[in-house]
Each structure stands twice: as C-alpha cells, then as structure tokens.
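Quick note on labels: first sequence line is chain A, next is B, and so on, each numbered from 1.
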There are 2 protein chains.
Amino acid sequence: MEVLLVEDDAAIASSLRAGLESSGMVVHHVSTGADAVASPIYDIVLLDIGLPDFDGFEVCRRIRAKSDVPIIMLTARNEEIDRIFGLEIGADDYVTKPFGLRELIARIRAVTRRRTTNNNSGASVIVIGPLSIDVASRRASMADEPLDLTTKEFDLLVHLAEHPGVVHRRNDIMESVWDTNWYGPTKTLDAHIAALRKKLNDPRWIEAVRGVGFRLEQPA
Amino acid sequence: MEVLLVEDDAAIASSLRAGLESSGMVVHHVSTGADAVASPIYDIVLLDIGLPDFDGFEVCRRIRAKSDVPIIMLTARNEEIDRIFGLEIGADDYVTKPFGLRELIARIRAVTRRRTTNNNSGASVIVIGPLSIDVASRRASMADEPLDLTTKEFDLLVHLAEHPGVVHRRNDIMESVWDTNWYGPTKTLDAHIAALRKKLNDPRWIEAVRGVGFRLEQPA
DNA sequence: CCGAATGATCACCATTTGGTCAGTTTCCTG
DNA sequence: CAGGAAACTGACCAAATGGTGATCATTCGG
C-alpha cells in the first residue's frame, strides 16, 4: 500500500509517516498542492486542507480530474460546511484533527476495501480482513506476514478474492486461471486449492461448495 | 432513494424522517435490530448503535452477511475504538450525534455515489420475510440462521422463491432443476421438497397444490 | 363412507464429489 | 546442461448427496 501524504506541517507529517510505515505502508510525502497534483498515482491520497499554495479542495478537484484514486481529507476545521464541501467535491472520506492513528488506518483500510471489493477496475490492492493482495506487484500477505505463493496459486487467489463470498464455479476458475474451460477428471484445481489452503494457515478461508465450486471468505 | 432508518428514539426518528423526506427520500423506519435485519433491502441503511434488543454492530454484521447495501452508523459515543470497530465491521461511514441534517444528507449522497459508480455486481438477493437467499454466494438464511442446504435443495429453493406465491408445476421444476422434463414414478422431487420443508423449520413454507405442483410462500 | 389417486416420509444403496498423496513431467534459473 | 521448484495427473478413500420404492397419510369424487 503506497500512500501519498500531502501535508505542510512537518511535525504532523513525520509522526504520520512513522505511524503509517509501522503499519506496513509506504509513505510518499509532499508539502504543497502543486507537488501533490504533479505526483504519480499511488494507492491512496491523504490530503491536508490547509496548504500554503492552493487549498485542499482545489487539489482534490484536480486529482479527481485525472484519477479515481481514493482520497481522504485531513482537516483542522470542524465546521460542517467543510465536510459537505469535501465530500461533494469527490473525496472519499475525511478525518478531523486531532485524529488517532488507528482511526486513520482503519479509514484507509475501509476506503480501499470499498474500492477493491466492489470494482474490477485497475484497483491494485484487495483487502479482506487480514488478507491483503497487491495485484500489481503480485504480493500477498496475511496479517502482515508475506505469503510465499507460486504463480498459479496467486492467480487462483486473486480470482477468488475479486469476489469474496460468492461461489466461483470450477469451469469459471479454469477459464480464468488456466485459460481453458475443459475440466476433465483431473485434480489440478483441487491440488492448487489444497496448496492455497495450507498457505493461508486456515483451511476455512476457502470453502468447497459441493457440485459447484469454491468460495473465498474470511473465517468467522 | 429509499432509506431504512433503524432508530429506537422516537423523537430523533421523526425529526430525521421529516428532514430526509423533505430531501426527496422515502424513509422506512424500524426501531429494533430484529426488524432491521428482517427488512427487505433498501438503497441505504442508517443504523443507530444503541438499540434495545441487540446492538448496532451486531445488526451491521448481519446485514452485511446477506447484502452489500451501504450502511451509515449513527452513534452517540465518541470513542475512537467504536469508530474503528464500526468501519472494520463493514459499515461504510458513521456520523456522531449530534449531527447536522445537511451533513447526514451529504454523507448519504457520498456513500451511494461511491457504490453506484464502483460496482457492477448485480448482487441479487431474494428476500421473502425472514427468508433470504443470496444467489451469487449460494447461501440462504432464515431469520438470520444460516440454512445448510445441499446443491439440489438450494436450486429448488431458488426456483420456487423466484416467484413466491405462484404455483410451479412438477414438470417445470424438473426441467429447471434437474434438466429433464421427464417425471416418472419416482419420488425424487417429493423427497427434496420434504428435505427443504424440514430445513425451513415450518412445512407451511411450501404448499403442495394437488395435481399441479408446489408453491412457496411465507406462512401467515 | 369407501376406494382410488396423490402426496409425505423413511431407510437403504449407488453414485458423485472433494481431499490427499505420490509419482511424473514441465519449466525456470543459474 | 543440471538441479530444483512448480505444475499436472491419476489412484485411492471417505463423506456427502441423490435416487428409489415400500409404506403410510391425506384428499377427493362418487
């Protein structure tokens, strides 16, 4: 998870950086709106409203103009008008200073989960509880422990995780992961399911639905 | 826009109703968690945490278990832990009492906009009173108790539930569920009807129509 | 009120399915 | 090219599932 932090207050910025990095995120920090707009696209933008050059709303609007990246606004002002404005403008959420680090992290997770579980567009990170899958960099981790997955295992996991909770039929899985809809008497799929189950530490992550296929879901 | 408002405080509920309705929304109000869970699916759920029966978090979890409907939590408590918990649990947002009506409306708009622009999943859930059937995830529940159905039982239930109240002829059922319109002297269909009846807890859910077929309907 | 027809239930058995494993082939890397 | 990891395959087993007919209960028409 790569975060773009847009914040002019050096003290706040460095404490946020420390906190987020300790949660396994990579933090890119810029302190002006101009830099923010010029930055490449990351997984999420944390955007302070009180910036020296142009204000956070303007930055938000401009980022929105070119990308669908999730945006969380950070604001010191507490007036309701700000909140409405921020949300109407296209931000995904906001937090009011002073805010707790844990709260912020939860919001980041919530926003990115909303993005990744609902859409199939280029969103790069799928988060399902402790399971997180970075599709672009082909890395997955469980409770911040990296998972060592083979190619097929990863593809299989992604296919299942793109729609957690729904049953994927064997044929669909074969087509998506193996590029063939032929499912003969072989146990190829089953073998890989077994391997995945083992690496996920808890076999309940993948449930077999007899006669149909498999379903991935966070165990209760 | 149809809103399900879950709130036990009558004063708050009626003032919210008035405000939301004046914004063109249709408000359905229930005052207990049990009613909330049993309600059909609306466009968004506003969920008070302090409910008389079981608490808002539990309600949130149960609604999430069967539907992807956007949920906004209403809370009087202000502790950070509550917020995190609410978000991790699957709520889309929360507002802390006292909140302004304009803020709430802005949040509703923001959350539903996120949903509608992002997802393409025709999450089709059939709800008939306490019976709810998620076709995609192949899960059914009765009064929030998950039903453990076999493949045939599930297919049969879906076929009947797609048109509750209408009589399905034996031939039609055989064709849809068994891929054959041959109905010989066997008791296959009857046996599965019996199994379903037992698992639905109340045999009146499925009524036999002599000489024709079966009808599924919520018992009086 | 009786008998035929229809539906309900139950126990039993054959089949299908998923899980596991060991052996073999293929692919990749050094 | 050699070695090892990954992928595939088929056999085997246990368990879930589905089909069947005998038997009992209910309904309906005469």
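With sequence neighbours excluded, no residue forms a salt bridge (charged side-chain N to carboxylate O under 4.0 Å, His left out) with A:D35. For A:E2, the side chain to side chain donor-acceptor pair (under 3.5 Å) partners two or more places apart in sequence, or in a different chain, are A:H28. Not counting sequence neighbours, A:N201 has no partner by the side chain to side chain donor-acceptor pair (under 3.5 Å) test. Scanning for salt bridge (charged side-chain N to carboxylate O under 4.0 Å, His left out) contacts around B:R197 gives an empty result, with sequence neighbours left out.
Residues B:D155 and B:R138 are paired through a salt bridge, judged by an N-O separation under 4.0 Å between the basic side chain and the carboxylate.
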Name the pairs: protein N/O against N/O of nucleotides 26-30 of chain D, kept only if under 3.5 Å.
unit_1, atom_1, unit_2, atom_2, d
D:dT27, O2, B:R210, NH2, 3.3

Show me the protein contacts with nucleotides 24-30 of chain C, counting only N or O atoms at under 3.5 Å.
none

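When each of A:L47, A:V45, A:D48, A:T32 is paired with A:V59, the side chain to side chain contact (heavy atoms under 4.5 Å, CB included) condition holds for A:L47 and for no other.
Contacts between residues 146-155 of chain B and DNA chain C, defined by a heavy-atom separation under 4.0 Å, are absent. Contact check of residues 186-203 of chain A against DNA chain D (heavy atom, cut-off under 4.0 Å) returns A:T186, A:K187, A:T188, A:H192.
Atoms CH2 (B:W178) and P (C:dT16) sit 17 Å apart, rounded to a whole Å. For the pair B:M174 CE and D:dG18 C1', the interatomic distance rounds to 11 Å; values are reported in whole Å. Atoms CZ (B:R138) and P (D:dT17) sit 12 Å apart, rounded to a whole Å. Taking atom CZ of B:R204 as the reference point, atom P of C:dA8 lies 16 Å away to the nearest angstrom. Counting to the nearest Å, the P atom of D:dG19 and the CD1 atom of B:I173 are 14 Å from each other. A straight line from CG of A:D179 to C1' of D:dA7 spans 15 Å, rounded to a whole angstrom.
The bend of the helix from C:dC1-D:dG30 to C:dG30-D:dC1, defined by the angle between the axes of its first five and last five pairs, stands at 40° to the nearest 10°.
Nearest heavy atoms, A:A140 versus A:L149: CB-CD1, 4.0 Å. B:L156 approaches B:V177 most closely through the heavy-atom pair CA-CG2, 4.0 Å.
Between the side chain of B:H29 and the main chain of B:E7, a donor-acceptor pair closer than 3.5 Å is present. Judged by distance alone, with hydrogens and angles left aside, the side-chain atoms of A:K199 form a donor-acceptor pair with the main-chain N or O of A:D148 at under 3.5 Å.
The distance from the CD1 atom of B:I193 to the CD atom of B:E153 is 10.5 Å, given to the nearest 0.5 Å. To the nearest 0.5 Å, atom CD of residue A:E175 and atom CG of residue A:D172 are 7.0 Å apart.
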For residues 208-220 of chain B, run the donor-acceptor check on the side chains, cut-off 3.5 Å, and write out each pair with its distance to 0.1 Å, sequence neighbours left out.
unit_1, atom_1, unit_2, atom_2, d
B:R215, NE, B:E207, OE1, 3.3
B:R215, NH2, B:E207, OE1, 3.4

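Pairs engaging residues 184-203 of chain A under the ring pair (Phe, Tyr, Trp, His ring centres under 6.0 Å) rule: A:W178-A:H192 [sequence neighbours left out]. Residue pairs meeting the ring pair (Phe, Tyr, Trp, His ring centres under 6.0 Å) criterion with at least one member in residues 125-162 of chain A, sequence neighbours excluded: A:H159-A:H168.
In this structure, A:R139 places its CZ atom where only 12 or fewer heavy-atom neighbours from other residues, nucleotides or ligands lie under 6.0 Å away.
Phosphate proximity of C:dT17 to A:R170: absent, as no side-chain N or O sits under 4.0 Å from OP1 or OP2.
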